[in-house]
Every structure is written in structure tokens, then in C-alpha cells.
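The figures that follow rest on heavy atoms only: side chains count, while hydrogens, waters and symmetry mates do not. By convention in this document, chain letters (A, B, ...) are assigned in the order of the sequence lines, proteins followed by strands, and residues within each chain are numbered from 1.
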Amino acid sequence: MELIVLLFIPLLGMVASFLPKREYAFLVLSGIDLGIGVEICRKVLEEGRIFALSNYLFADSLSVLLILIITVLSFLAGIYSIPYLSAENVNEKAKSKFYFLINAFIFSMLLTAVSNNLGILWVGIEATTLSTAFLVSFYKNPPSLEAGWKYLIICSVGIAFALFGIVILFFSVAPYLGYEADVLNWTNLMSAATSNKININLAKLAFAFALIGFGTKMGLAPMHTWLPDAHSQAPSPVSALLSGVLLNCAAASILRIGNVLGATGEKEIVSNLLIFFGTLSVFLAGLFLLKQKDYKRMFAFSSMEHMGLIAMSSGFGGMGIFAAMFHMLNHAFTKSLLFMSAGNVLCSLHTREIEKIRGLFKTMPITAFLLGLGTLAITGTPPFNIFSSEFLIITSGFVTHHLWAVGIALAGLTMVFAGLGFHVTKMLFGEPSFEGNREVSFIQLLTPVILLIIVLVGGIYMCQPVEELLNDIQNNVLRFV
Amino acid sequence: MEVKLAEFFIALAVFFSITIVASNRLFLGIKSYALQSLSIAAATTLIASIENISHLFVSALLMLIVKACIIPLLLFYVTKKLNIQRKIETNVTIFDSVIFCALIVVFSYFLVAKFNLSSRVLGFNVIPLSISVIIIGLFIMVTRRKAITQILGFLTLENGIFMAEIASTHGMPVFVELGIFMDVLIGVIIAGIFVYRMSETFNDIDTEKLTSFKE
């Protein structure tokens, strides 16, 4: 029941986007959705998995983790969008479109998080592409149109590959279980895999296609090419959601399919492929990040780096899964903090170029403070949360004897640290390139401040429900990866 | 007999995907796509009646309405409205492309033999043919430069996946199939709007001119 309400509220939000007070309607609705998300979390922790709609929807601890990230960030993005859109002088018609699409986006992400059925999951992921294509090209200028087109085409082809993978997976179990729709349910796929009612060669092929397909959406190298463009051109609240949530949904889909293959005893191939693509992404992201000229684009490459870390760490298995899921949570909040502070800079100074921005501490002191601490957090400096999860990832790599992968990833992390540190320091210090006080309004600073507090507290203290969730994902949900 | 006929329609779909590659005018490409969808719909209907599976009739009907009528009409509308130069521009000459497509078909048979992917529903031919349609779709996307031909390439790829579905597993479950059709239709509408906006902004829909994000 909760699951159906959870999905219904963003749909209501789509309708509400035609009302005059749409900003506040969105805020209220996403607040309610957050409450329902917390309730689902409580229920799953107490009773284990919950099902709805004749088992086609379900929530286990991995879905709960995604639901919490989605609902918290969409609520915060709702608060941030109000001052952001009015500072950008967006007209009423465009605002209506913005809220309509962002609700559709949240709906499709929640659908992927709670779908028990692989087919529904695919439909949901494709819907995220369709609903965000116009959000990416929201400003309708040439670069944003180009980014939107690239995003639409590359992700659609990627997702089509994933569909082919799903067809093959269906084909691999159908001779044993029949051709009914619920064969594609995770729960049935898992029991088929553990009782060896699956054609293993076909399942391997299916995982390869799913990894390429959903990997495109997740931003793994070399399928990442859409990611920096789309993330840098989208309005900042949308960038925060794209980077913080959407990539995680794709990552979770890959891991679930990998888990099915792993359950047949073919753990090795899953972990090798994940480690290979993960490490490659971290390293390439580091290289690309060094020479960026646009600060939003630079943060987009950092997202690619963190997705690589998540894939790599999942490949380590065991404690690596715990670390990857913890990293997913931490990265979502930290990256939103960065995109929102970068959004404040863009909103006030109207330039994306790093070269043109100097002395932010003098012109926009609070935003500069947020941006500086956010950069320290995302590069894994203690005491922020990313430090603890990255430390866990590296440790689990050493424990499982993946020295090469860890070595290459550490080289990538060093480059990321150097690149981000170098570019952001240039922006923060020096003679101001803009005159006077350019600080944005209080309410536009509120959301990044909340996120900074979450990021800081998350680094020092891990609250118990989160730890239980992550432990459950490691020991039950993704036990075979 | 009916199985042979179904296989014939599948082969016809491959033929029409090659005509998309061979066409030098946008309209011809769109017409080929419509005919391809029509032949897949016919094959699906035949398989549905041979195997007596009711939900495949739904898929066939959707195929007929959405992919053989609505999507081609939408593409016709966009092409007419833009008044763009209707010649298809290629990176590889049409002659070379067709030769390449023939190689793709041979290669798909080789792939399928290697992975032992034979179809349980129809004869041996259907899976390799559908894989060749998928690869030909990708080939169109890579070598044709106009934005509309890239949409056509994607749609061809998607048809190939549909063929693989009906041949291997009697199609996806019906609500999944509905979702896929809806996603494809909305995707084409959105891509059409993008093409329109790009032609207004760049005065062209040649994707070679989209170069602001070179790394």
C-alpha cells in the first residue's frame, strides 16, 4: 500500500504543476513522499521485504536506500528550485514545464527503485531518459540542445542494449519456468538461479548486455560521453538529481542483474567486469578532470569517478558491497551540495568558465565557503563522509587482494584531488573578478547548508538504521555479487 | 507452411532494414521503416496463431498501429515541416554500406552459431536475422549524419530487439510490451521536437555540426 502511495504522489505532482502555486505544491508533495519513504524504511527494517500490486512492486533494503536518497534529495531540490528559478527569471510557462518534468523524473526513478519486475524496471529507466531530455535542454540555447540530443540518443541506444540483455535473461530462464510475466521478478529469478534452473551461458551474455546498457546510464567509461554534457547544461537542481540519484538507480539495476548471475556460481565474471569498468572510469575521469574549463562539467566528471568507485567496490564483493552502498549514499548528498553551490555561482555571475571567476571569498563569501568545503568533502578529505566510505572501499580492495585495481583507482583519485583542488582554489582566492557583494539570497543558501551538515555529520557518526540497511544489503540482497 | 511464411516475413524485415541503408532520400527511408514494421507485425500475427498465444496478437496490433502508422507519419510530418534538404548524407557511400550490411548478416549467423542461441519457437533463422537487424540499426546511426536518420537507425535497432523477443520468448509480458511501445512512441515524439528545435537553432540537422563538447 505504501509503495503505491509513494508512486502516486509524484503523479499527483505532475497534475499539480499546472496550478498557480506549483512550487509550494511540489514542496508539500515531496515532503509527504519523504515521510512515506521513511515509513517504508521503518517497515522494511522491522518486517523484511514488503510487496504490493500482486508482487510486481516490492521494497527490500536496496530499494529503501534508493527511495531515501530520491525522496530526501527531491525535497531539497524542491526547496532550492524556488529561489533558483526566480533568480533565473524563468517565466510561468517554463516553470510549469519544469515541475511537470521533474515530477515525471522522480516518478520514474521511484518506479525503478521499487519494481520487482525487470520489465517494469526497464520501462522506468527509459522513462527517466525521456523525462529529463527536455530538462537538460531547459534553456534552449545551442549547447544545451546539443547536450540534450546527445543524452537522448546515447542513453536510448544504451538502454536498448539493456532491453536486449533482459530479453536474453528471460530466454535463459523461460524454458524452465515458463513464459509468464512474473518469471522476470527478481524474487523468481533469484530462486531460479540458486536452483540452477537457468542457462548459464545465456545469463552471462545477458549480464554483459545489461552492464553495457545500464552502464551507459550509470556513466561508466567508455559509455560516459553523454554525462558531462548533460550534467553541466541542465539547471542546477536537475544536475543535482541526475548526478545524485539517477546514476545510483542505474547502478542498482546492474548490481541486481549481477546478483542473479552470481547466484549461479559465476561470481568471478561479474566481479571482474565490474572492477574493470569501474577502475577504467575512475582513471579516465581523473585524466579528463584535470583539463576542464567549465566548473559544472568538472563536477560531472567527478560523478563519473565516483560511479567508477561504486562499480569497482561492488566488484570486490563482501565488505565492498557495504562500502559501495555507503559511498552511493554519501556521494548523492555531497554531489548535490556541490552542484547547488555551483548553481549559486552560475546564478549570480552568469559564467561557467573557471578562468573568469576569481576571489569568490570576497564576492560571495558563504557560497565560497560551501563550495570549498564541498570540494574538500568530494575529494575524500576527513572528517567528511566520503572519506569514510572511500577508506572502506580501499580497505576491501586490499583485503580481497585486488592490488592493481586499487593502485589504478588511487592514481585516479589523486588526479581528481589535484584537478578539483587546483581549479576550485583558483576560483575561491585571488583578486575578485567581479565587483561588489554578489551573494545570493538566504533561501538559496539554505539547501546547500543543510546538505553540508548532513555531509559533515555522516562523516563522524553513522546512525543505526542506515547501518542496518547497509548490512542487510551486503548480507542478503546483494550477497552473490 | 505457416512457420515458413513467418520466417519469410522476418527475412523481409531484414530486407527493408537494408533498404533504409540503401535509400538516398529521407522519405524512402521512412517508408522502408513502415514496411519493415508491417512485415514484423505480419510475422508476429502468424506466430501468435501458430502457437496460439493471445498476447502476441496485442503486440502485433500495437506494432501495426504504433510503428507502421503513427511513427512513420510523425517522421513524415517533421520532415515536411522542416523543409530540410531531403537528401540523406552519409559518411560511407551507399554502395559500400550495402556490401557492409551483407557482411553483417553473415557475421550474425556466425555469432549465433558460436553462442548456440537457437530459437525455440521458430526455425534457426530468426535469431541471427534479428541480431543482424540490430547491428544494421547501429550501423545506420553511426554512418548517417542527419538527425532524422539517426532516429530511423534507433527505431530499426528497436525492431530488431522486438524480433528477438518474439522469436526467443513469445514476446515480453504484455504490460512490459505496452510500456516499451509507450516509451518508444514518446521517445520519437521528443526526438522529433529536438530535431525541430535544432533545425531552428543551427539552421540544419546535420549532427556533424554539433561540436561544442569536443574533449
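When Ser156(A), Gly124(A), Ser232(A) are compared by the number of non-hydrogen pairs under 4.5 Å with chain B, Ser156(A) comes out ahead. Counting heavy-atom pairs closer than 4.5 Å to chain A, the top residue among Gly179(B), Gly137(B), Gly153(B) is Gly179(B).
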| message | side chain to side chain contact (heavy atoms under 4.5 Å, CB included), that's the test. Do Ile131(B) and Phe164(A) meet it? Break it down for me. | response | CA-CA 10 Å; Ile131(B) 289 178; Phe164(A) 192 56; 4.1 Å; yes
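Residue-environment remark: CZ (Phe58(A)) exceeds the threshold of 12 foreign heavy atoms within 6.0 Å. In this structure, Phe15(B) places its CZ atom where only 12 or fewer heavy-atom neighbours from other residues, nucleotides or ligands lie under 6.0 Å away. Crowding of Phe202(B) atom CZ: a count of heavy atoms from other residues, nucleotides or ligands under 6.0 Å exceeding 12. Crowding of Lys197(A) atom NZ: a count of heavy atoms from other residues, nucleotides or ligands under 6.0 Å not exceeding 12. Around atom CD of Glu180(A), no more than 12 heavy atoms belonging to other residues, nucleotides or ligands sit under 6.0 Å away. By the neighbour-count criterion of 12 heavy atoms within 6.0 Å, atom CZ of Phe175(B) is densely surrounded, having more than that number from other residues, nucleotides or ligands.
Heavy-atom distances place the side chain of Leu152(A), and not its backbone, under 4.5 Å from chain B. When heavy atoms are compared at a cutoff of 4.5 Å, Leu138(B) approaches chain A solely by way of its side chain, counted from C-beta outward. Looking at Glu165(B), the atoms closer than 4.5 Å to chain A (heavy atoms on both sides) sit in the backbone and in the side chain alike. In this structure, chain A has no heavy atom under 4.5 Å from any part of Ile189(B).
Trp149(A) is listed as a side-chain neighbour of Gln150(B), based on a closest heavy-atom distance under 4.5 Å. The shortest distance between side-chain heavy atoms of Arg197(B) and Ser137(A) falls below 4.5 Å. Considering only heavy atoms from C-beta on, Val184(B) stays 4.5 Å or farther from Glu126(A) through its side chain. The side-chain heavy atoms of Ile180(B) and Trp122(A), taken from C-beta on, include a pair separated by under 4.5 Å.
Rounding to the nearest 0.5 Å gives a distance of 11.5 Å between OG1 of Thr169(B) and CD1 of Ile166(A). In this structure, the separation between CZ on Phe134(A) and CZ on Phe194(B) is 5.5 Å, given to the nearest 0.5 Å. Rounded to the nearest 0.5 angstrom, Met172(B) CE and Tyr179(A) OH are separated by 13.0 Å. Summarising the geometry, atom CD1 belonging to Ile153(A) is positioned 4.5 Å from atom CE belonging to Met141(B); distances are rounded to the nearest 0.5 Å. Annotation: the span from Leu163(A) atom CG to Ile161(B) atom CD1 amounts to 5.0 Å, rounded to 0.5 Å.
In terms of heavy atoms, Thr201(B) sits closest to Leu145(A) at OG1-CD1, 3.1 Å. The nearest pair of heavy atoms linking Phe154(B) to Ala160(A) is CE1-CB, 4.1 Å. Scanning both residues, Val167(A) and Ser168(B), for their nearest heavy atoms gives CG1-OG, 3.7 Å. Annotation for Ala133(A) and Ile190(B): closest pair CB-CG2, 4.2 Å, computed over non-hydrogen atoms. Nearest heavy atoms, Asp183(B) versus Ala127(A): OD2-N, 4.1 Å.
Residue-level contacts of residues 113-121 of chain A with chain B, in order of numbering, are Asn117(A), Gly119(A), Ile120(A); threshold 4.5 Å between heavy atoms.
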